[in-house]
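Presented below is the structure to which this report refers.
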Amino acid sequence: MAGSGDEEKRQDRESHYRCAAMLHPLRQRIARLLAGGAELGAAELAAELDEAPARIARHLRVLVRRGVLQVVPKRRPNPPLYRWSSEAEWAQEMLAEEGE
């Protein structure tokens with residue numbers, strides 16, 4: 001039975017990290033751009049948001065790790081594109097609440 005408590009703690013911790021990832025203002029701006037079904041690369045997002053590409057890339061990694069975005073499969077050597085994850089309804093709800 002001790003394992004079920006550990007699993008619950010892990011899920012709570014993951015939920016906390018997911019919510020924390022979406023609280024960052026730049027990550028919210030990135031997510032809003034991609035929430036409509038767009039597929040964009042780091043350079044395109046950087047230009048749209050007037051931010052450094054390296055800064056955008058760092059935030060994209062966090063959003064992918066937390067399940068908000070996913071990488072669009074592409075052939076190399078093209079840089080990856082990012083799109084909204086189909087499993088991120090919770091993130092869309094957070095964006096909607098922030099927009100109110």
Sub-4.5 Å side-chain heavy-atom contact between V62 and V68: no
Least distance between heavy atoms, A52 atom then A46 atom: C-CB, 4.1 Å
Interatomic distance, R27 atom CZ to I56 atom CD1 [nearest 0.5 angstrom]: 11.0 Å
Side chain to side chain contact (heavy atoms under 4.5 Å, CB included) between L45 and L34, worked out: CA-CA 9 Å; L45 287 164; L34 296 173; 4.3 Å; yes
Side-chain heavy atoms of M22 within contact of L95, under 4.5 Å: yes
Interatomic spacing from CD in Q28 to CG in L63 - rounded to 0.5 Å: 10.0 Å
Reported CG-to-CZ distance for the pair L60 and R55, which is rounded to 0.5 angstrom: 12.0 Å
Pairs involving residues 28-49, ordered by first then second residue, that meet ring-ring contact (aromatic ring centres under 6.0 Å, His included) (sequence neighbours left out): none
Non-neighbouring partners of R29 that pass salt bridge (Lys or Arg N to Asp or Glu O under 4.0 Å), sequence neighbours left out: E51
Donor-acceptor under 3.5 Å (E97 side chain, M94 main chain): no
Which pairs would a plain distance check flag for residues 79-89, meaning a side-chain donor or acceptor within less than 3.5 Å of a matching protein atom at least two apart in sequence or in another chain?
unit_1, atom_1, unit_2, atom_2, d
R83, NH1, E39, OE2, 3.0
S85, OG, G67, O, 3.4
S85, OG, E87, N, 3.2

pair E48-L33: side-chain heavy atoms closer than 4.5 Å: yes
Side chain to side chain contact (heavy atoms under 4.5 Å, CB included) assessment of I30 paired with L69: CA-CA 10 Å; I30 292 169; L69 303 179; 4.2 Å; yes
